[in-house]
Amino acid sequence: MACDSQLFTVFVVLGILQIQTFLVVGEPRVPCLFIFGDSLVDNGNNNNLETQAKANYKPYGVDFPGGVTGRFTNGRTIADMIGHLLGFSKFIPPHATATDDEISTGVNYGSGSAGIRDESGSHLGDRLYLARQIRNHKALITRLTNLQNNKALTDEHLKQCIYLSNIGSNDYINNFLIPELYPQSHSYTSDQFAALLIRQYTQHLTTLYNLGARKIAVFGLGQIGCALEVIARFGKDGGSCVDLINDSVNIFNGRLKPAIDKLNNDLAGSRFTFINVTSILAPQGGVQFPNIPCCQVRPDGQCIPDTNPCPNRGLSVYYDGFHPTEIANTVLATRSYTSLSNMDASPYDISHLVQVAN
Ligand SMILES: *[C@@H]1O[C@H](CO)[C@@H](O)[C@H](O)[C@H]1NC(C)=O
Ligand SMILES: *[C@@H]1O[C@H](CO)[C@@H](O)[C@H](O)[C@H]1NC(C)=O
C-alpha cells in the first residue's frame with residue numbers, strides 16, 4: 001500500500017512535469033537567444049573551419065540526441081541547456097548553418113579556441129574570435145531587418161532577447177600561458193593582462209549593446225588551473241591544481257564583475273549580469289569525482305577520434321582534457337538560471353534577467 005501511494009506520487013509529479021513541458025513548447029519566456037563564446041558553447045561553427053579545434057567526430061556527442069557531433073562534450077552544452085530552461089523547444093542553431101527561418105529566435109556564434117583577443121588560439125588554426133562573432137551578429141541583424149521588413153519591430157525584438165557571453169579561457173590557455181608562441185602577452189604581468197582583456201571585453205560588450213542587446217549574461221572563467229590538461233602541462237607533483245594559473249583567472253574574474261557593474265551604470269537600459277562559475281562549480285560537501293578525463297585524450301587534450309569514452313559519464317566532471325561533461329554543464333546551466341547562493345550570479349540570475357524591465 002505504501003508502495004502504491006509512492007508510485008502514485010511519482011506519477012502525479014511526472015504528470016505535472018509533462019504539463020509544464022507541454023505548456024513550455026512553442027512558448028519560450030523570451031523571443032530569442034543569442035550566444036557568444038568559445039568551445040564551452042560552440043555547437044558546430046568550427047566544423048568547417050581549418051583548425052585542429054573542432055569536435056565533429058565521435059566520441060563527442062555520444063549522449064546528444066541523434067549522436068550529433070560538433071560540441072566539445074558528450075551531450076549538451078551550457079548554452080543548449082539554458083535555451084531549454086528558457087523554454088525553446090529546439091536547439092539554437094550554429095550561426096554557420098542557420099537558415100532565414102531560424103534566425104529570428106537567435107543563433108549561436110561560439111567558436112572553439114576563440115578568445116577576447118584576436119590572436120588567441122591562432123596556433124590551432126582558424127577561429128571566430130569575439131570581434132568576428134560580433135561582426136557576424138551585425139550582418140545577421142541586417143539580414144533579419146530585411147526579412148522582417150520593419151526596422152522598429154526588429155529593434156524591439158532584439159531588445160527582448162537574452163544574450164550569453166562565455167569567453168576568455170583561450171586568452172589564457174591558448175595565449176598567455178604559451179609565451180613561446182605569444183610573446184607579446186608575455187610583456188604583461190597577470191594583472192596587466194587581465195586589465196587589458198577586461199578593457200577589450202568591455203568594448204565588445206558595448207558594441208553588442210549598441211547593436212540592440214540589453215539583457216546580457218556574462219560568464220566569468222572557471223578555475224582553469226584545475227583543468228586536467230593544464231595540470232598535465234603545468235602542474236608540479238601529485239596532479240593538484242596549478243595555483244598560479246588559478247590566481248591569474250581570479251584576477252580576471254575579480255576585474256570582470258566591477259566592469260559589469262560599470263556597464264550597467266554607463267549604458268542606459270542595459271541589464272548585464274555576472275555569472276560566477278567558480279562559485280557554481282565549487283566542490284560540494286564531500287562529493288569527490290574522479291579527476292581523470294572521460295575520453296582518451298590526444299596530446300592537445302581533445303578526445304582521440306573513435307575511441308570509447310568512460311561508461312559512467314554522469315560521474316565525470318571532465319569529458320576531455322579541458323571540457324566539462326554534460327552533467328557538469330547541467331549544474332552550470334541550472335545554477336546560472338536559478339542561483340543557489342547569492343555568489344552565483346550578480347545582480348541577477350538568468351530567470352530574473354528574463355523578467356526585469358529594460
Ligand atoms: C585555485 O587557486 C586558488 C588560488 O591559488 C586556490 O585558492 C583555489 O583553491 C584553487 N582552486 C581549486 C578549485 O583548487
Ligand atoms: C565567486 O564566488 C566565490 C565563492 O565561491 C568568491 O570567493 C569569489 O570572490 C566570487 N568572485 C567574484 C568575482 O565575485
Side-chain angles (χ1 to χ4, degrees), residues 36-38 40-41 78 81-82 115-117 130 163-173 176-177 188-206 215-227 230-231 240-267 270-289 291 317-318 322 324 327-353 356:
F36 297 82
D38 54 26
L40 296 172
V41 297
I78 179 174
M81 298 211 180
I82 291 173
I116 295 167
R117 287 178 63 72
L130 188 53
Y163 298 77
L164 307 178
S165 185
N166 195 347
I167 198 160
S169 301
N170 290 305
D171 296 292
Y172 287 92
I173 295 172
F176 193 66
L177 296 176
Y188 298 100
T189 64
S190 295
D191 195 51
Q192 288 167 336
F193 190 66
L196 176 72
L197 288 180
I198 297 298
R199 204 156 55 237
Q200 292 184 302
Y201 204 1
T202 300
Q203 283 164 2
H204 289 310
L205 292 171
T206 304
K215 299 181 171 190
I216 308 170
V218 180
F219 289 77
L221 303 184
Q223 301 290 292
I224 294 169
C226 298
V230 170
I231 294 175
S240 57
C241 298
V242 186
D243 280 350
L244 267 176
I245 298 178
N246 278 354
D247 282 343
S248 299
V249 165
N250 291 337
I251 294 170
F252 174 90
N253 289 335
R255 284 182 173 272
L256 181 56
K257 192 177 173 189
I260 294 300
D261 292 336
K262 187 165 186 321
L263 284 167
N264 277 331
N265 273 322
D266 293 353
L267 303 176
S270 69
R271 305 293 181 188
F272 288 88
T273 194
F274 170 77
I275 307 293
N276 187 337
V277 171
T278 309
S279 168
I280 294 176
L281 288 184
Q284 305 297 309
V287 186
Q288 287 287 333
F289 294 99
N291 217 13
V317 176
Y318 285 97
F322 294 112
I327 189 79
N329 286 332
T330 309
V331 174
L332 276 165
T334 311
R335 279 182 68 168
S336 49
Y337 194 76
T338 309
S339 60
L340 281 185
S341 127
N342 59 7
M343 271 292 172
D344 289 354
S346 132
Y348 336 91
D349 61 23
I350 295 170
S351 73
H352 287 91
L353 187 62
V356 72

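By convention here, the first residue in the shown sequence is residue 1. Atoms within a ligand are numbered from 1 in the order they appear, just like the ligands themselves.
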Report summary line: Asn276 heavy atoms within 4.0 Å reach ligand 2 at atoms 1 (C), 2 (O), 3 (C), 8 (C), 10 (C), 11 (N), 12 (C), 14 (O)
Requested in this report: For Asn253, counting its heavy atoms only, list the atoms of ligand 2 lying under 4.0 Å from any of them.
Outcome: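 Those atoms are 13 (C).
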Requested in this report: Could I get the full list of ring-ring contact (aromatic ring centres under 6.0 Å, His included) partners for Phe193, not counting sequence neighbours?
Outcome: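 Scan of Phe193 (ring-ring contact (aromatic ring centres under 6.0 Å, His included), adjacent residues dropped) gives Tyr172, Phe176.
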Query raised in the report: Does some non-hydrogen atom of the protein lie less than 4.0 angstrom from atom 2 (O) of ligand 2?
Result: yes
Query raised in the report: Considering all protein heavy atoms, does one lie under 4.0 Å from atom 11 (N) of ligand 2?
Result: yes
Query raised in the report: Going by distance alone, is a donor N or O of one side chain under 3.5 Å from an acceptor N or O of the other, for Thr189 and Asp191?
Result: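 No.
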Report task. Taking atom types as modelled, find out whether Tyr348 and Ser339 have a side-chain donor-acceptor pair closer than 3.5 angstrom. Result ->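 Distance-only check fails for Tyr348 and Ser339.
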Query - Contacts of type side chain to side chain donor-acceptor pair (under 3.5 Å), residue Ser190, not counting sequence neighbours - result: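 For Ser190 the side chain to side chain donor-acceptor pair (under 3.5 Å) partners, ignoring immediate neighbours, are Ser248.
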**Report entry** Closest protein heavy atom (residue, atom, distance) for atom 5 (O) of ligand 2
**Finding:** Ser279 CA, 3.4 Å
Requested in this report: Select one of side chain, backbone, both or neither to describe which atoms of Ala282 lie under 4.0 Å from any atom of ligand 2, heavy atoms only.
Outcome: neither
Report task. To the nearest 0.5 angstrom, please state how far the CD1 atom of Ile275 sits from the CD1 atom of Ile78. Result ->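 One finds 8.0 Å between CD1 of Ile275 and CD1 of Ile78.
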Query raised in the report: Which atoms form the tightest heavy-atom contact between Ile82 and Ser336, and what is the distance?
Result: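 For Ile82 and Ser336, the tightest heavy-atom pair comes out as CD1-OG, 3.8 Å.
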Query raised in the report: Quick one: which of Met343, Lys257, Arg255 has a heavy atom closest to atom 6 (C) of ligand 2?
Result: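 Nearest heavy atom to atom 6 (C) of ligand 2 lies in Met343.
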